[in-house]
Amino acid sequence: MFKAKILFIGPSESGKTVLANFLSDTTENVGGEYRPTQGVRILEFESQPEGSGDNKKCEVELWDCSGDFKFESCWPALMKDSSGVVIIFNPDVPSHLKEIETWHSLFIASQGLQDNQCLLIAHHKPGSGVEDGRLPLATHLSRLPLIHSNLEEEPENVRQTFCRYLGNVVNTMSESREREEMSIIT
């Protein structure tokens, strides 16, 4: 069974913890009050990645990383051995669109991850005017898969898209493992 380490990163107050809890079926006392993640939370669960070939389950380590730059010194340790990165942002906050460029360069470009190991989630908070329109993203970000999430209206679409993304990550891990094994043999 593959074990995928997926980092949830992005600006503070973008909905990373809410999405992490939803995807891992973790329930926490939600009092409506915002409590920022301190450093990182690691959620472990099994998932059935879509399109990963033999339909095996995958162990997922979902690392819900704080969006606060005061934890920047911890980020190299968080990135070690990560299989994929999901950048979550609130499209209703104009500064988030610029900030995700920084997250991309720190976590994706620096690790040399392939586009299919990355996912952008424009997370719409409850009561926001959800627009699934095109966002003014930088060129290197517009190549990445982007989904709009709204857990009030279409929660299962978010889960299905995450499972497809996880399938891409598992396929990439499998191909990498096969290349490594072949290089040992030859």
Side-chain angles (χ1 to χ4, degrees), residues 1-28 36-68 71-72 74-90 96 99-123 140-141 143-149 151 155-177 180:
M1 180 182 314
F2 277 100
K3 186 173 199 167
K5 176 181 174 180
I6 307 294
L7 305 181
F8 269 26
I9 62 167
S12 295
E13 295 190 59
S14 58
K16 297 179 295 291
T17 298
V18 170
L19 282 167
N21 287 344
F22 171 74
L23 292 169
S24 65
D25 290 324
T26 301
T27 53
E28 284 191 355
T37 301
Q38 299 300 309
V40 67
R41 293 171 57 239
I42 302 170
L43 304 167
E44 295 182 281
F45 59 99
E46 285 189 357
S47 183
Q48 188 96 25
E50 275 186 32
S52 62
D54 43 19
N55 286 331
K56 290 184 181 173
K57 285 199 176 241
C58 170
E59 283 183 43
V60 179
E61 271 186 10
L62 204 160
W63 291 50
D64 175 17
C65 305
S66 172
D68 193 329
F71 297 106
E72 189 173 3
C74 302
W75 293 345
L78 302 181
M79 287 187 273
K80 184 176 175 13
D81 300 326
S82 64
S83 314
V85 173
V86 178
I87 300 176
I88 298 163
F89 63 99
N90 182 343
H96 282 198
E99 201 175 321
I100 60 175
E101 292 182 40
T102 303
W103 289 100
H104 179 275
S105 71
L106 289 171
F107 281 83
I108 296 172
S110 69
Q111 292 187 83
L113 293 177
Q114 298 174 26
D115 290 352
N116 64 352
Q117 291 174 275
C118 308
L119 179 64
L120 293 175
I121 299 180
H123 181 66
H140 57 282
L141 292 172
R143 291 193 319 258
L144 301 177
L146 165 71
I147 66 159
H148 289 264
S149 74
L151 296 181
E156 287 314 306
N157 283 356
V158 175
R159 191 180 307 276
Q160 275 185 323
T161 303
F162 182 76
C163 286
R164 273 194 303 276
Y165 160 73
L166 201 53
N168 291 337
V169 169
V170 168
N171 286 336
T172 301
M173 291 168 61
S174 177
E175 290 166 6
S176 176
R177 182 185 286 175
E180 191 176 315

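One is the number of the first residue; the rest follow in order along the sequence.
- Sorted by first then second residue, the salt bridge (Lys or Arg N to Asp or Glu O under 4.0 Å) pairs that include residues 4-23, not counting sequence neighbours, number zero.
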Check: Is there a side chain to side chain contact (heavy atoms under 4.5 Å, CB included) between Phe2 and Ser174 once you walk through the steps?
Finding: CA-CA 8 Å; Phe2 277 100; Ser174 177; 3.7 Å; yes
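- The distance from the CG atom of Asp64 to the CG atom of Asn21 is 7.0 Å, given to the nearest 0.5 Å.
- The structure places CG of Leu78 at 4.5 Å from SG of Cys65, a figure rounded to the nearest 0.5 Å.
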Item checked: Verdict with supporting geometry, Val85 and Ile6, side chain to side chain contact (heavy atoms under 4.5 Å, CB included) -> CA-CA 6 Å; Val85 173; Ile6 307 294; over 6 Å; no
Next item on the list: Apply side chain to side chain donor-acceptor pair (under 3.5 Å) to Gln38 and Ser66, showing your working.
Entry: CA-CA 6 Å; Gln38 299 300 309; Ser66 172; over 6 Å; no
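- Nearest heavy atoms, Ser83 versus Gln117: O-NE2, 3.0 Å.
- Side-chain contact of Ser14 with His123: a donor-acceptor pair under 3.5 Å is absent, judged by distance alone.
- In terms of modelled atom types and a separation under 3.5 Å, the side chain of Glu44 and the main chain of Val60 share no donor-acceptor contact.
- Across all their heavy atoms, Ile88 and Pro11 have their closest contact at O-CD, 3.3 Å.
- In this structure the side chain of Lys3 never reaches within 4.5 angstrom of the side chain of Cys58, judged on heavy atoms.
- A salt bridge links Arg159 to Asp25: at least one charged side-chain nitrogen sits closer than 4.0 Å to a carboxylate oxygen.
- In this structure, the side chains of Tyr165 and Ile147 stay at 4.5 Å or more apart for every pair of heavy atoms.
- Residues Pro145 and Asp115 come closest through the heavy atom pair CD-O, 3.8 Å.
- Between the CG atom of Leu43 and the CZ atom of Phe45 there is a distance of 7.5 Å, given to the nearest 0.5 Å.
- Among the candidates Leu7, Leu19, Leu119, the single residue satisfying the side-chain contact (heavy atoms from CB on, under 4.5 Å) test with Val86 is Leu119.
- Minimum interatomic distance between Asp68 and Ser12 (heavy atoms only, all atoms of both residues): N-OG, 3.6 Å.
- The two residues Thr37 and Arg41 make their nearest non-hydrogen contact at CG2-CG, 4.0 Å.
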Check: Could you walk me through whether Asn168 and Arg164 pass the side chain to side chain contact (heavy atoms under 4.5 Å, CB included) check?
Finding: CA-CA 6 Å; Asn168 291 337; Arg164 273 194 303 276; 5.6 Å; no
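- The shortest side-chain heavy-atom distance between Met79 and Ser110 falls under the 4.5 Å cut-off.
- Rounding to the nearest 0.5 angstrom, the gap separating the CD1 atom in Ile87 from the CG atom in Leu120 is 5.5 Å.
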Next item on the list: Please report the C-alpha distance between Cys163 and Gln48 in whole Å, then the side-chain angles of each, then the deciding distance to 0.1 Å, and finally whether the side chain to side chain contact (heavy atoms under 4.5 Å, CB included) criterion is met.
Entry: CA-CA 7 Å; Cys163 286; Gln48 188 96 25; 5.8 Å; no
Can you list, pair by pair, the side-chain donor-acceptor contacts under 3.5 Å of residues 101-109, counting residues two or more places apart and other chains?
{"residue": "Trp103", "atom": "NE1", "partner": "Glu99", "partner atom": "OE2", "Å": "3.3"}
{"residue": "Ser105", "atom": "OG", "partner": "Thr102", "partner atom": "O", "Å": "3.0"}

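- With a 4.5 Å cut-off on side-chain heavy atoms, Val18 and Leu151 count as touching.
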